[in-house]
Amino acid sequence: MRRRVFLAGAAATGLAGLAVQSSSAVAATANPTTPASTGTTARAGWRLTPAPAAAPASRLLSVSAASADLAWAVGEQGLPGQGTGGGPLALRWDGTAWAHTEVGHLGLNGSLRAVSGTAPDAAWVVGQDRDGADRLLRWDGSTWRQVRYPGDDDPATVLTWVAAVSDGRAWVTGQHEGRPKLLRFDGTKWTWTPPIPGATSPDAPWRVRVSPSGGVHTVGWDLARWDESAAGHGSWTVLPPLTGIRLGVNDLLPVGEDELWAVGAAFGVGGPPGKPPSVVLARYDGTEWTRVDGDTLPFKIGSLNAIAGSGTGTEGTGGGRPGLIGGWDFWDDSAAHYLRWDGTEWAGERGAADGVDAYVRDVASIPGTGAPGGAWSVGHTRNVPAAEVRFRIERYG
């Protein structure tokens, strides 16, 4: 059985430190029969998309689509043996092919963590810079340019994820002055919100999502919502936690004012070294979280890493209903495993098989493609050894 290694979908969740060493190590103490996934459609229109070569040891971490003819994907390449410390990787889809977009002129010593774009001249990227504060970049239609923001002169400032919407506004999750906050763009300037009140950790949240009703949700050690008035004033609401033993939320999708879907993984109590996590899928109704029983899902051992809307709404929002989940199936990662909402339940779909293990890091619906909508998926092959990792891009529809 091939070696499989677990990484939390959002690399900062903390569960990444509880890595699964291999499925064979677990099999020695668990049921020796590999359970078959149920309720899964074979391939279902997913296909690998050719992309230009990158430096050896490359991973894509985030993808965003503005239309069927415009998308961006970012990550890292040239990872050294320990799997960290690579250089930036940025790609752009023009409706025909993926191509590199140059970032070397920015002198960024680190990886690109997240991208969000809504128009040919309106895409944002956040990236790590090991030589100073994290970077904020904007695509102007022809090249990436660095954008100054409050706190970019402090090496301790951290930027983790970005969400942009079609009216020109954008939000970035981060850590500023030692506290978890949102960096918000009103179309003219960037400013920090107050910190998340009563945060259980000073760490930056690792994801940000915008609801169709305008609330801005952060995903981290705490789940919180920033509500903003037309005048730019706002306030925080800290949501009830999604509880579980060694549970981490990797991503969240707001599909309405009082409806959220959360995905992640939970390791539970104890277990042998290398014990894999169980998938986490839950719905919030404005009052409380309800977990979806893993036995009703196409697979339940592994991780759910990213969730996207139906593709019928504005880029950056949930699109009015849930759409697609990208995950990692511990027992069978010979192809990516997806969950798609059919209106009443989550049904499984398998991605394209190319003879290597597949790990999904992010998914994005393609706006305006109807239901079931088109989608992009990015990630990489197995995580170890680092020198053999290579990025993967799949498209549905």
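- The distance from the OG1 atom of Thr296 to the CG atom of Leu281 is 8.0 Å, given to the nearest 0.5 Å.
- Side-chain atoms of Ile325 and Trp261, non-hydrogen and from C-beta on, never get closer than 4.5 Å to each other.
- Looking at every heavy atom in both residues, His100 comes nearest to Leu91 through ND1-CD2, 3.5 Å.
- Looking at heavy atoms from C-beta onward, Glu177 lies out of side-chain contact with Asp154 at the 4.5 angstrom threshold.
- Residue Arg179 qualifies as open at atom CZ: its count of foreign heavy atoms under 6.0 Å is 12 or below.
- Just one of Asp222, Ile196, Leu223 meets the side-chain contact (heavy atoms from CB on, under 4.5 Å) condition when paired with Pro205; it is Ile196.
- The shortest heavy-atom contact between Trp289 and Pro241 is CD1-O, 3.6 Å.
- Hydrophobic clustering, with ILVMFWY side chains joined whenever heavy atoms are under 4.5 angstrom apart, groups Leu137 together with Val74.
- Using a 3.5 Å distance cut-off with no hydrogens or angles, the side chains of Ser67 and Asp69 do not pair a donor with an acceptor.
- The side-chain hydrogen bond (donor to acceptor under 3.5 Å, both in side chains) test with Tyr338 is passed by exactly one of Arg350, Glu349, Glu394: Glu394.
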Could you go through the side-chain contact (heavy atoms from CB on, under 4.5 Å) check for Asp251 and Arg209 one step at a time? CA-CA 9 Å; Asp251 197 5; Arg209 295 291 190 181; 2.6 Å; yes

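- There is a side-chain donor-acceptor pair under 3.5 Å between Thr160 and Thr173.
- Minimum heavy-atom separation, Lys300 to Gly294: CB-O, 3.6 Å.
- In this structure, Pro212 and Pro254 approach most closely via the heavy-atom pair CD-O, 3.4 Å.
- With rounding to the nearest 0.5 angstrom, the CG atom of Asp332 is 9.0 Å from the CG atom of Asp357.
- Put simply, the side chain of Val126 does not reach to within 4.5 Å of the side chain of Leu183, judged on heavy atoms.
- For the pair Glu228/Arg184, a side-chain contact is recorded, criterion being any heavy-atom separation below 4.5 Å from C-beta on.
- In terms of hydrophobic clustering, with Ile, Leu, Val, Met, Phe, Trp and Tyr side chains grouped at heavy-atom distances under 4.5 Å, Phe185 and Trp72 are assigned to different clusters.
- Listed by first and then second residue, the salt bridge (Lys or Arg N to Asp or Glu O under 4.0 Å) pairs that reach into residues 88-99 come to none, sequence neighbours excluded.
- Two residues are said to be in side-chain contact when any heavy atoms from C-beta on lie closer than 4.5 Å; Ile245 and Phe267 fail this criterion.
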Using side-chain contact (heavy atoms from CB on, under 4.5 Å), reason through Trp226 and Thr218 one step at a time and then give a plain yes or no. CA-CA 8 Å; Trp226 173 258; Thr218 61; over 6 Å; no

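- Note that CZ of Arg225 is 6.0 Å distant from CG of Leu239, once rounded to the nearest 0.5 Å.
- With hydrophobic clusters built from ILVMFWY side chains whose heavy atoms lie under 4.5 angstrom apart, Trp346 shares a cluster with Val255.
- Side-chain N or O atoms of Trp139 include one that pairs as donor or acceptor with a backbone N or O of Pro120 at under 3.5 Å.
- Across every non-hydrogen atom of Lys275 and Gly270, the tightest pair is CD-O, 3.1 Å.
- Although no hydrogens or angles enter the test, the distance criterion places no donor-acceptor pair under 3.5 Å between the side chain of Gln128 and the main chain of Arg113.
- Counting heavy atoms from C-beta on, the side chains of Val208 and Leu182 come closer than 4.5 Å.
- Side-chain contact check for His105 versus Thr143: some heavy-atom pair is nearer than 4.5 Å.
- Within the model, atoms CG of Leu108 and CD of Gln146 stand 8.0 Å from one another, a figure rounded to the nearest 0.5 Å.
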Apply side-chain contact (heavy atoms from CB on, under 4.5 Å) to Arg283 and Asp285, showing your working. CA-CA 7 Å; Arg283 180 181 178 273; Asp285 63 4; 3.7 Å; yes

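- Summarising the geometry, atom CZ belonging to Arg390 is positioned 14.5 Å from atom CG belonging to Leu79; distances are rounded to the nearest 0.5 Å.
- Between the side chain of Arg135 and the backbone N or O of Leu106 there is at least one donor-acceptor pair closer than 3.5 Å.
- Note on Leu339 and Val279: same hydrophobic cluster, where clusters join Ile, Leu, Val, Met, Phe, Trp and Tyr whose side-chain heavy atoms are under 4.5 Å apart, directly or indirectly.
- Evaluated for a side-chain contact (heavy atoms from CB on, under 4.5 Å) with Trp124, the options Val147, Val172, Val115 yield exactly one hit, Val147.
- With 3.5 Å as the limit, one finds a donor-acceptor pair spanning the side chains of Thr101 and Trp144.
- The ring-ring contact (aromatic ring centres under 6.0 Å, His included) search around Trp98 returns Trp93, Trp376, not counting sequence neighbours.
- No side-chain donor-acceptor contact under 3.5 Å links Asp258 to the backbone of Gly286.
- Across all their heavy atoms, Tyr284 and Pro240 have their closest contact at OH-CD, 3.4 Å.
- A parallel orientation is assigned to the rings of His176 and Trp192, their planes being inclined by less than 30° (bins at 30° and 60°).
- Side-chain heavy atoms closer than 4.5 Å link hydrophobic residues (I, L, V, M, F, W, Y) into clusters, and following such links, possibly through other members, connects Leu70 to Leu112.
- Within the 4.5 Å cutoff, the side chain of Arg361 has no heavy atoms near those of the Leu60 side chain.
- Atom OG of Ser58 and atom NE2 of His380 lie 10.0 Å apart (nearest 0.5 Å).
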For Asn250 and Leu304, what are the C-alpha separation, side-chain angles and deciding distance, and is it a side-chain contact (heavy atoms from CB on, under 4.5 Å)? CA-CA 7 Å; Asn250 290 335; Leu304 301 180; 6.0 Å; no

